[in-house]
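So the structure is just underneath, and the comments pick up after that.
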Amino acid sequence: MAFSSGSKGPMADINVTPLVDVMLVLLIIFIVTAPVMTYPIAVDLPQRVLNPPPVTQEPPPPIDIRIDASNQVTWNNSPVAVGELQQRMEQEVQRDPTNQPELRIDINPDSEYELTAKVMAAAKNAQMKKIAFVQ
């Protein structure tokens, strides 16, 4: 804002009302939050454990399933019927459910999608946890 004060030229005054309003709001926020910060808050921090780490098991060798362009399914390079896949996968899971082998699926782009869906459904129904797609 410019005001004329005679011969001295324009005089600028700063309006401090918004500044005072902001300072009062900050003061109220500080007054309200300061007592909350004085109460102790219990935090359970993790403690150092002297036990040795658990022994990890050697993972079993992976299972390679391949679907070629002629829709032939192979289990570790030996032909297998699609209906037999779930049974074989369940046998692998039952050996050690906590340490399952990795199921590696290699699919030819020219194969039928229906066959891929059947292989994936068999793996899901057999409770396979480690499934990977490879090329």
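- Considering OH of Tyr113 and CD1 of Ile67, their distance stands at 11.0 Å, rounded to 0.5 Å.
- Residues Leu19 and Ile14 are not in side-chain contact: their nearest non-hydrogen atoms beyond the backbone lie 4.5 Å or more apart.
- Here the shortest heavy-atom pairing between Pro101 and Ile63 reads CG-CD1, 3.7 Å.
- Remark: Ile105 CD1 to Met120 CE distance equals 5.0 Å, nearest 0.5 Å.
- From Met23, atom CE reaches atom CG of Asp21 across 11.5 Å, with rounding to the nearest 0.5 Å.
- Of the listed residues (Val80, Asp106, Leu85), just one forms a side chain to side chain contact (heavy atoms under 4.5 Å, CB included) with Ile65, and that residue is Leu85.
- A distance of 7.0 Å separates CZ of Arg66 from OG1 of Thr74, quoted to the nearest 0.5 Å.
- A distance of 4.0 Å separates CG of Leu27 from CD1 of Ile31, quoted to the nearest 0.5 Å.
- Scanning for side chain to side chain donor-acceptor pair (under 3.5 Å) contacts around Asn76 gives an empty result, with sequence neighbours left out.
- Pro59 is listed as a side-chain neighbour of Asn99, based on a closest heavy-atom distance under 4.5 Å.
- Atom CG of Asn77 has 12 or fewer heavy atoms from other residues, nucleotides or ligands within 6.0 Å.
- At least one side-chain heavy atom of Gln72 sits less than 4.5 Å from a side-chain heavy atom of Pro79.
- The minimum heavy-atom distance between Asn71 and Leu115, with the atom names listed, is O-CD2, 3.4 Å.
- The backbone N or O of Leu45 lies less than 3.5 Å from a partner atom in the side chain of Gln47, making a donor-acceptor pair.
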If you look only at distance, which donor and acceptor atoms sit under 3.5 Å apart when one is on a side chain in residues 121-135 and the other is two or more places apart or in another chain?
from: Asn125; atom 1: ND2; to: Ala121; atom 2: O; distance (Å): 3.2
from: Lys130; atom 1: NZ; to: Gln100; atom 2: O; distance (Å): 3.3

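- Ion pair Arg88/Glu92 not flagged as a salt bridge, since none of the NZ, NE, NH1 or NH2 atoms sits closer than 4.0 Å to an Asp/Glu carboxylate oxygen.
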